[in-house]
*Asks:* 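Could you have a look at this structure, given as structure tokens, before my questions?
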Amino acid sequence: MREVSLLPQSFYRRDAREVARELLGKRLRHGPVVLEITEVEAYVWPDDSACHNRFGKTERTAVMFGPPGRAYVYLCYGLHQMLNVVTNEVDEGAAVLIRSCAPVDGLDEIEARRGGKRGPVLLTGPGKVGQALGVDTSFSGHPLYRRGGLEVHDGPAPAAILAGKRVGIDYARPEHRDAPWRYAIADSPWVSQRAGLG
DNA sequence: ACAAGGATCCTCT
DNA sequence: GAGGATCCTTGTT
């Protein structure tokens, strides 16, 4: 790929919604696989009844309350590895969920990990991103701003961004369930559940 | 120690 | 559009 251009830890030390919007177009890299981030969701501090921080700091969510710029990976429905990026200051539990990506490099590896599938179905959904990238809960706490292993690099800013409601959080209070904290690159085919984005 | 439910994906209809 | 897979985290007893 191009020049090494890791995002600094300071990039992540602010509100999750701001980090989420700016992560669009950036690159996730893990070994031969390089992905462009195309869709994200912000889970914010301090008041968000959809966020895992709603029970306070627990064993699982402790990394969310730690330093920004680290991975927060958790298991969903017993089988999906969900990759998040920790934001905000220490002791503030917030993160950005990576929902969809587009392939940049390592397509053979991506397709192999995704069962030989082709096209947008490869990477449009958070469980798919985790599988294609080859991450699991053992990556939780891994610093993304240092070289080695899973990394986040700079990338071209998108021309236009769409926002909409977050997906799969019907249990949250209305003001959080309906908040437009999901962001995607406009006109990208690599976006899940396009309905609801505007 | 237990029961409940989940920031999803795939297959089939 | 509906349902099952699959197991960990959490709150409660």
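Residue numbering restarts at 1 for every chain, and letters A, B, ... go by the order of the sequence lines. Computed over heavy atoms, backbone and side chain alike; hydrogens, waters and symmetry mates excluded.
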*Asks:* Could you list the donor-acceptor pairs under 3.5 angstrom formed between side-chain atoms of residues 63-83 of chain A and any protein atom two or more places apart in sequence or on another chain?
*Replies:*
| from | atom 1 | to | atom 2 | distance (Å) |
| --- | --- | --- | --- | --- |
| A/Tyr72 | OH | A/His52 | ND1 | 2.8 |
| A/Gln81 | OE1 | A/Thr137 | N | 3.2 |

*Asks:* In whole angstroms, how far is the C1' atom of B/dG6 from the CD atom of A/Glu41?
*Replies:* 14 Å

*Asks:* Would you sketch DNA chain B in dot-bracket for me? Only Watson-Crick or G-U wobble pairs with both distances under 3.5 Å count, crossing pairs as [ ], other-strand pairs as |, the rest as dots.
*Replies:* ||||||.|||||.

*Asks:* Within the 3.5 Å criterion, strictly below it, is a donor on A/Arg54 or A/Ser49 matched to an acceptor on the partner's side chain?
*Replies:* no

*Asks:* Nearest-Å distance, OH (A/Tyr171) to P (C/dT10)?
*Replies:* 12 Å

*Asks:* What's touching nucleotides 10-13 of chain B from the protein side, N or O pairs under 3.5 Å?
*Replies:*
| from | atom 1 | to | atom 2 | distance (Å) |
| --- | --- | --- | --- | --- |
| B/dC10 | OP1 | A/Arg114 | NH1 | 2.9 |
| B/dC10 | OP1 | A/Arg114 | NH2 | 2.8 |

*Asks:* Of all of residues 44-75 of chain A, which get a heavy atom below 4.0 angstrom from DNA chain B, listed by number?
*Replies:* A/Ala50, A/His52, A/Tyr74

*Asks:* Please tabulate the protein-to-nucleotide N/O contacts below 3.5 Å involving nucleotides 1-6 of chain C, giving atom names and distances.
*Replies:*
| from | atom 1 | to | atom 2 | distance (Å) |
| --- | --- | --- | --- | --- |
| C/dT6 | O2 | A/Tyr77 | O | 2.6 |

*Asks:* Between A/Asp15 and A/Asn88 (side chain of the first, backbone of the second, donor and acceptor by atom type, cut-off under 3.5 Å), is there such a pair?
*Replies:* no

*Asks:* Going through the checks in order, is the side-chain contact (heavy atoms from CB on, under 4.5 Å) test met by A/Leu35 and A/Lys26?
*Replies:* CA-CA 8 Å; A/Leu35 306 180; A/Lys26 302 295 192 289; over 6 Å; no

*Asks:* Are A/Glu39 and A/Leu123 side-chain neighbours, meaning at least one heavy-atom pair lies under 4.5 Å?
*Replies:* no

*Asks:* Kindly indicate whether the side chain of A/Thr87, heavy atoms from C-beta on, has any atom under 4.5 Å from the side chain of A/Arg14.
*Replies:* no

*Asks:* To the nearest Å, give me how far apart OH (A/Tyr43) and P (B/dG6) are.
*Replies:* 13 Å

*Asks:* Pull out every residue in residues 87-102 of chain A that has a heavy atom closer than 4.0 Å to any atom of DNA chain B, ordered by number, or say none.
*Replies:* A/Leu97, A/Arg99

